[in-house]
Novice: 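Below is a structure I'd like to ask you about.
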2 protein chains.
Amino acid sequence: MRLSTKGRYAVTAMLDLALNGQDGPVTLSDISENQGISLSYLEQLFAALRAKNLVRGVRGPGGGYFLGREADEISIANIICAVDEWVEFTRCQGREDCRGGQRCMTHNLWDDLSRQIYEFIEEISLADLVSRGQGGGHGCHKEKPAGIQDDLSEQAA
Amino acid sequence: MRLSTKGRYAVTAMLDLALNGQDGPVTLSDISENQGISLSYLEQLFAALRAKNLVRGVRGPGGGYFLGREADEISIANIICAVDEWVEFTRCQGREDCRGGQRCMTHNLWDDLSRQIYEFIEEISLADLVSRGQGGGHGCHKEKPAGIQDDLSEQAA
DNA sequence: TTATATACTTAGTAAAACACTAGGGATTTG
DNA sequence: CAAATCCCTAGTGTTTTACTAAGTATATAA
């Protein structure tokens, strides 16, 4: 499972599409302006999204993009997998000696964790995010969730 | 939240440490052999892990590494944050016009999602992974969780 | 029918990250 | 002292990231 800024760009763009695509298609220029992502980079991302049928393009003036299916039928995992290319990189696919099972054990543990994370974001749809945004009032200033990285050095014995 | 192969290397190495560190320290050479990670790269990863007190090094012959605290006190999030450097990249920290709240909305939605994923892996400890590995019998061959990437193009209307 | 606005495509590129090699130094054991 | 280990710094080829540039294809509108 890979989860990087590229995936965030894609999710952000799809969110923009879900929020603004109610009345007519949304142009990439709009998303580019709205979200501060370069137009050409968006075009590359949308090429990948289109390949997975997550968006549908309409050409010509007045054109733009629609979601490829209903917002509640598009999971965050769908989006991230479309642009971030699931990387499977276990080296001991049956071959190699696996150090008496020891090596494979950690590999399997990682794969379990990886699958858990995948299943987690698989369950979250674009519609979930949108309805959550409309329900709870969000301020513009957000801060890092409390104690994510800086307190780790202190709390050790 | 970033989750890449680098984080996997770190989690894998920590798992190795948790599994083999019961009787004496584990050397990086051992982990390097066990997990197929280059020694020098491991040293770099462990520099980061040590900085967060997630591991404790013992020098000299017979030395190696111990976990910095109990395995149930080390979360996967701790490990990944130590090596993968939490990237905060919202560009509208109060400044910029935020397009009438529209832009910030998607940003906040992403931040919520990001926090959810973080809290998810925050709840999984090294000890959890180890006990899970000992309980359920894992074969050596693992396959990609069914239908992760290839079925997306077909299931669209 | 010509101009324009959009989607689509390909090529290139600077910067960063990744994973590694190389070469040492510091510290502890025997 | 010698060896094994941790520890540190610098460099390097490859890949990824995010972008620029320069087009082509298609649909709308004057």
Side-chain angles (χ1 to χ4, degrees), chain A residues 1-13 17 20-21 24-33 35-68 80 82-89 91, chain B residues 1-13 17 20-21 24-33 35-68 80 82-89 91:
Chain A
M1 184 73 234
R2 177 187 294 177
L3 186 51
S4 66
T5 55
K6 192 177 180 184
R8 182 209 140 112
Y9 279 124
V11 172
T12 300
L17 210 54
N20 298 324
V26 182
T27 69
L28 291 189
S29 298
D30 287 343
I31 300 180
S32 174
E33 268 191 54
Q35 306 301 332
I37 309 172
S38 95
L39 180 57
S40 227
Y41 194 41
L42 274 177
E43 284 175 336
Q44 288 173 42
L45 293 179
F46 273 70
L49 295 171
R50 189 160 24 81
K52 299 286 186 184
N53 285 108
L54 294 176
V55 297
R56 181 169 47 88
V58 178
R59 297 215 254 199
Y65 279 96
F66 289 105
L67 290 182
I80 289 175
V83 300
D84 250 342
E85 222 58 53
W86 187 276
V87 268
E88 198 84 45
F89 67 141
R91 301 182 193 177
Chain B
M1 186 70 237
R2 177 187 296 176
L3 186 52
S4 65
T5 56
K6 192 178 180 183
R8 181 209 141 112
Y9 278 126
V11 172
T12 300
L17 211 52
N20 298 324
V26 182
T27 69
L28 290 189
S29 298
D30 286 343
I31 301 180
S32 174
E33 269 191 55
Q35 306 301 330
I37 310 171
S38 96
L39 180 58
S40 227
Y41 194 40
L42 273 177
E43 284 175 336
Q44 288 174 42
L45 293 178
F46 274 68
L49 295 171
R50 190 161 23 81
K52 299 287 187 185
N53 286 108
L54 295 177
V55 296
R56 181 168 48 87
V58 178
R59 295 215 256 200
Y65 279 98
F66 288 105
L67 290 181
I80 288 175
V83 300
D84 250 342
E85 221 59 54
W86 186 276
V87 269
E88 197 84 48
F89 65 142
R91 302 180 193 178

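Reminder, nothing fancy here: chain letters follow the sequence lines and each chain counts from 1. Both backbone and side-chain heavy atoms feed into the values below; hydrogens, waters and symmetry mates do not.
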Novice: If only side-chain N and O atoms of B:Arg50 are considered, is one of them under 4.0 Å from the OP1 or OP2 phosphate oxygen of D:dC8?
Specialist: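 For D:dC8, OP1 or OP2 has a side-chain N or O of B:Arg50 closer than 4.0 Å.
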Novice: Which heavy atom in A:Ala82 sits nearest to a heavy atom in A:Leu54, and how many Å separate them?
Specialist: CB-CD1, 3.8 Å
Novice: Once you round it to whole Å, what is the distance between C1' of D:dC7 and CG of B:Leu49?
Specialist: 14 Å
Novice: Can you tell which of B:Leu28, B:Thr12, B:Ile31, B:Leu49 makes a side chain to side chain contact (heavy atoms under 4.5 Å, CB included) with B:Leu17?
Specialist: B:Ile31
Novice: Which residues within residues 38-48 of chain B lie with some heavy atom under 4.0 Å of an atom in DNA chain C?
Specialist: B:Ser38, B:Ser40, B:Tyr41, B:Gln44
Novice: Does anything in residues 35-64 of chain A pair up under ring-ring contact (aromatic ring centres under 6.0 Å, His included), and if so which pairs, sequence neighbours excluded?
Specialist: A:Tyr9-A:Tyr41, A:Phe46-A:Tyr65
Novice: Roughly how many Å is it from NZ in A:Lys6 to P in C:dA17, rounded to a whole number?
Specialist: 16 Å
Novice: Taking all non-hydrogen atoms of both residues, which atom of A:Ala10 and which atom of A:Val83 are closest, and how far apart?
Specialist: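 Nearest pair, atom of A:Ala10 first, then A:Val83: CB-CG2, 3.7 Å.
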Novice: Take the protein atom CG of B:Asp84 and the nucleotide atom C1' of D:dT16, then report the distance between them rounded to whole Å.
Specialist: 14 Å
Novice: How close or far is atom P of C:dC20 from atom CD1 of B:Ile37, stated in whole angstroms?
Specialist: 8 Å
Novice: Checking side-chain contact (heavy atoms from CB on, under 4.5 Å) for the pair A:Leu45/A:Lys6: CA distance, chi angles, key distance, verdict?
Specialist: CA-CA 9 Å; A:Leu45 293 179; A:Lys6 192 177 180 184; 4.0 Å; yes
Novice: What are the two closest heavy atoms between B:Asp84 and B:Gly7, and how far apart are they?
Specialist: OD2-N, 3.5 Å
Novice: Mind running side-chain contact (heavy atoms from CB on, under 4.5 Å) on B:Asn20 and B:Asp30 for me, showing each step along the way?
Specialist: CA-CA 10 Å; B:Asn20 298 324; B:Asp30 286 343; over 6 Å; no
Novice: Please report the distance, rounded to the nearest Å, between CZ in B:Phe66 and P in D:dC6.
Specialist: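 So the two atoms are 11 Å apart, to the nearest Å.
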Novice: Output one line per pair: protein atom, nucleotide atom from nucleotides 1-5 of chain D, and distance, for all N/O pairs under 3.5 Å.
Specialist:
none

Novice: Using whole Å, report how far CZ of B:Arg8 lies from C1' of C:dA17.
Specialist: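 One finds 18 Å between C1' of C:dA17 and CZ of B:Arg8, rounded.
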Novice: With sequence neighbours left out, write down each residue that passes side-chain hydrogen bond (donor to acceptor under 3.5 Å, both in side chains) with A:Ser32, or none if nothing qualifies.
Specialist: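 If we apply the side-chain hydrogen bond (donor to acceptor under 3.5 Å, both in side chains) test to A:Ser32, skipping adjacent residues, there are no hits.
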Novice: Rounded to whole Å, please give me the gap between CD in A:Gln35 and P in D:dC19.
Specialist: 13 Å
Novice: Quick check on C:dA17: is either OP1 or OP2 less than 4.0 Å from any side-chain nitrogen or oxygen of B:Ser4?
Specialist: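 Answer no for this pair, as no side-chain N or O of B:Ser4 is under 4.0 Å from OP1 or OP2.
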Novice: If every non-hydrogen atom of B:Pro25 is compared with every non-hydrogen atom of B:Gly62, which pair is closest and at what distance?
Specialist: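 Shortest heavy-atom separation between B:Pro25 and B:Gly62 comes out as CG-O, 3.2 Å.
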